[in-house]
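First the structure, in the form of structure tokens, and then the observations on it.
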Amino acid sequence: MRFGPVPVREAEGAISAHSIRRDEVTIRKGAAITAEQVAALDRAGIREVIAARLDPADIGEDEAAHRIALAMAGAEVRVEPPFTGRANIFAARPGILLIGRRAVNAVNGVDESVTLATLPDFEPVTDGEMIGTVKIIPYGVAGAVVDRAIAAAGTVPAISVAPYRVTRVAALSTLLPGLQPGTVTKTIAALRARLAPAGASVAAEATCPHEADALTAELRRQAAGEAELIVVFGASAIADRRDVIPAAIEAAGGAVEHFGMPVD
């Protein structure tokens, strides 16, 4: 690609590097200059413009960005039509974003004219959320650069979304004397709001005394139903693996895979 000052009278078909506004003519940045605009610029006394011209082996910024984005796009994502050298990639379903870091780094290492940015690996995403973008910096790049970028992307698409599989959730709340009546209602409402972006919902609600036997029975009942996940809200914080909720989970045939979380 050639870039630099071009005599106005030779600028037809060149790509304007900057927006030009003079008298009756307006040329936006990145637009091809027409014969009519050349004449208008000449009448306005402008003798040269900064412009780019693609060589025969070059590919325009939009097409280049689109080709590379398509090479990166995997399952449950979509590539939008390119504009101003940019092709944006969006999630087609809610789920967990999966990024091939090596491929992303490899594409970014091909040439300074090609850039690829994504959200972090394992980021929860919603349907229609922008998860990545390919941006071509100049107005065009050599076709060989695009070929190398596509090769660097690899044969396994580097940007995909793993859809959520769980959609039906049962919410169990244990009760103790003195628990405020509205606490359970607020807790379930908060859970519904957190599940909504994943396309899941609370399919069943139940309460029981904060006792291991009562919770064990309720866990077994819900496990025999349609729920794909059971969430238990305890009326009291768990203090030990032998406490009510862990004990009930094990008594119902489950296992405590992890106890405690490094959060506050």
Side-chain angles (χ1 to χ4, degrees), residues 74-78 80 88-99 118-133 159-264:
E76 308 300 346
V77 306
R78 68 174 186 273
E80 292 287 289
N88 293 329
I89 304 170
F90 294 83
R93 291 183 62 181
I96 300 299
L97 180 61
L98 303 178
I99 299 295
T118 73
L119 293 180
D121 198 13
F122 301 125
E123 179 86 355
V125 297
T126 57
D127 184 9
E129 183 173 356
M130 184 170 150
I131 56 178
T133 184
I159 303 175
S160 62
V161 173
Y164 295 114
R165 297 181 179 179
V166 173
T167 59
R168 298 185 300 276
V169 178
L172 309 185
S173 303
T174 65
L175 306 176
L176 282 171
L179 185 69
Q180 293 296 322
T183 299
V184 172
T185 300
K186 291 179 180 178
T187 299
I188 300 301
L191 178 62
R192 290 185 189 278
R194 290 173 178 172
L195 292 173
S201 62
V202 176
E205 299 178 46
T207 60
C208 67
H210 189 70
E211 300 170 358
D213 291 344
L215 181 56
T216 298
E218 191 58 46
L219 284 169
R220 287 173 175 163
R221 189 174 76 85
Q222 294 296 336
E226 296 183 354
E228 299 165 295
L229 174 70
I230 302 172
V231 177
V232 180
F233 295 104
S236 179
I238 302 171
D240 190 90
R241 275 180 170 268
R242 294 160 291 186
D243 210 340
V244 170
I245 294 175
I249 289 172
E250 291 182 340
V256 179
E257 295 184 354
H258 187 81
F259 178 75
M261 291 290 286
V263 296
D264 193 12

Output yes when a side-chain donor or acceptor of [X] lies under 3.5 Å from a complementary backbone atom of [Y], and no otherwise.
X	Y	answer
S173	F233	no
E123	P120	no
R220	G253	no
R93	P163	no

Minimum-distance pair of heavy atoms, taken over all atoms of [X] and [Y]:
X	Y	result
V161	A91	CG2-CB, 4.0 Å
D127	A92	OD1-O, 3.1 Å
A200	V166	CB-O, 3.6 Å
A204	Q222	CB-OE1, 3.6 Å
R165	E228	O-OE2, 3.7 Å
L195	S201	CD1-C, 4.0 Å

Above 12 or not: heavy atoms from other molecules or residues under 6.0 Å from [atom1] of [X]?
X	atom1	answer
F122	CZ	no
D121	CG	yes
R194	CZ	no

| Looking at residues at least two apart in the chain, or sitting in another chain, which of them share a side-chain hydrogen bond (donor to acceptor under 3.5 Å, both in side chains) with S236? |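 Partners of S236 by the side-chain hydrogen bond (donor to acceptor under 3.5 Å, both in side chains) criterion come out as none, since no residue qualifies.
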| message | Is there a side-chain contact (heavy atoms from CB on, under 4.5 Å) between E129 and L97? Walk through the geometry before answering. | response | CA-CA 11 Å; E129 183 173 356; L97 180 61; over 6 Å; no
Heavy-atom side-chain proximity of [X] to [Y] below 4.5 angstrom:
X	Y	answer
L175	V184	yes
I99	I159	yes
T174	C208	yes

| field | Atom pair OG1/CD of T207 and E218 - distance to nearest 0.5 Å | value |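 Answer for the OG1-CD pair, T207 versus E218, is 8.0 Å.
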| Roughly how far, to the nearest 0.5 Å, is CG of L172 from CD1 of I188? |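 That separation rounds to 8.5 Å.
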| said: Please enumerate all residues that pass side-chain contact (heavy atoms from CB on, under 4.5 Å) together with A198, with sequence neighbours excluded. | reply: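 side-chain contact (heavy atoms from CB on, under 4.5 Å) list for A198, sorted by chain: Y164.
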